[in-house]
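A quick note: this is a predicted structure, and the numbers were derived from the prediction, not measured. For this chain, numbers begin at 1 and follow the sequence in order. Indexing begins at 1, ligand by ligand and atom by atom, following the structure's order. All values below were derived from every heavy atom in this structure, side-chain atoms included, with hydrogens, water molecules and symmetry-related copies excluded.
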Amino acid sequence: MNTALILAGGLDPRFHMDIPKQFVNVNNKPVIIYTLEIFQNHPDIDEIIVTCLDGWQEMVRVYGKQFNITKLKEIIPGGKDAQESTYHGLQLLKDRMGAGDIVVVHDAIRPMVSEELITDSIKVCRKKGMGVAATYIMDTIMHSPDGKEGYQSINRYEIMKVQTPQAFDFAYIWEKHNEAVGKNCLGAWDNSSMLTNLGEKVSFSAGSDLNLKINRTEDVEMFKALYRMKHQEENERKER
Ligand SMILES: C[C@](O)(CO)[C@H](O)COP(=O)(O)O
């Protein structure tokens, strides 16, 4: 069984619109639905669980129905951060999933994720127990605690940009979440960070710069442009 766990529990202070970023409408469809459609259409995904911001569950349910997200099985409350939201999802799944089952964690605000990235994270997970999407960095990276002055350039050839999807063997990630709770190692902003906080190594799968994360208001415009480009290419391919 492969379950997609979509994290939609966050309220981001960097996003200056009156609607949380995961629920913003683009062409009469909320961002989260674009993301859910990709998992709905993926042949290796059996079901979808959403961890959701308080007060928005009904909206996800209604739009899920309208856009025929038939794999959407549960909408549950999110937590304070990605670690806690994931834990809520794993608690729901613990009685029916175990070793060999895969949970694919993904941010609701990454609506440009491709079928290929999901496939690769599952493939690497089957081999190594986890497949965490990551990609290389092309820019210069500097250490700067205040964002005003930089004082150390970091070797970008030793750094990876981590994204979602992040696929994990269920038994492994359930054990690690419980270990983190036992050690009071809480508050990680994603599962890969929780694992490295516990001293674990993270296995990477394919990532992409097109796998946009909507954080700032201008990222919505970027999403519109990328989405238009993707569909234009698909239509051109169909016409050939
Ligand atoms: C999980 C993640 O997408 C990896 O890059 C990222 O940490 C999510 O960050 P956000 O600030 O919760 O959007």
Checklist entry - Has K230 got more than 12 heavy atoms of other residues, nucleotides or ligands less than 6.0 Å from its NZ? => result yes

Item to check | Greater than 12 external heavy atoms within 6.0 Å of K123's NZ | outcome: no

Checklist entry - If you look at every heavy atom in M59 and P30, which pair is closest and at what distance? => result CE-CG, 3.5 Å

With backbone taken as N, CA, C and O and side chain as the heavy atoms from C-beta onward, which portion of [X] lies under 4.0 Å from ligand 1: side chain, backbone, both, or neither?
{"X": "R110", "result": "side chain"}
{"X": "D107", "result": "side chain"}
{"X": "K21", "result": "side chain"}

Checklist outcome for this item: Nearest non-hydrogen protein atom to atom 10 (P) of ligand 1, with distance, is K213 NZ, 3.5 Å

Checklist outcome for this item: In this structure, atom 1 (C) of ligand 1 is nearest to the protein heavy atom D190 CB, 3.4 Å

By number and element, which atoms of ligand 1 are closer than 4.0 Å to a non-hydrogen atom of [X]?
{"X": "T164", "result": "1 (C)"}
{"X": "W189", "result": "7 (O)"}
{"X": "V162", "result": "4 (C), 5 (O)"}

Checklist entry - Within a distance of under 4.0 Å, is there any protein heavy atom near atom 12 (O) of ligand 1? => result no

Next on the checklist: Using a 3.5 Å distance criterion without hydrogens, assess whether the side chain of Q163 forms a donor-acceptor pair with backbone atoms of K161.
Outcome noted: no

Next on the checklist: Under a 3.5 Å distance rule, please check whether D169 uses its side chain to pair with a backbone N or O of I102 as donor and acceptor.
Outcome noted: no

Next on the checklist: Among D190, T86, D107, which residue satisfies the side-chain hydrogen bond (donor to acceptor under 3.5 Å, both in side chains) criterion with Q166?
Outcome noted: D190

Item to check | Residue pairs involving residues 31-40 (criterion side-chain hydrogen bond (donor to acceptor under 3.5 Å, both in side chains); sequence neighbours excluded) | outcome: K29-E37, Q40-T70

Item to check | Test of proximity, N215 against ligand 1: N or O pairs below 3.5 Å | outcome: yes

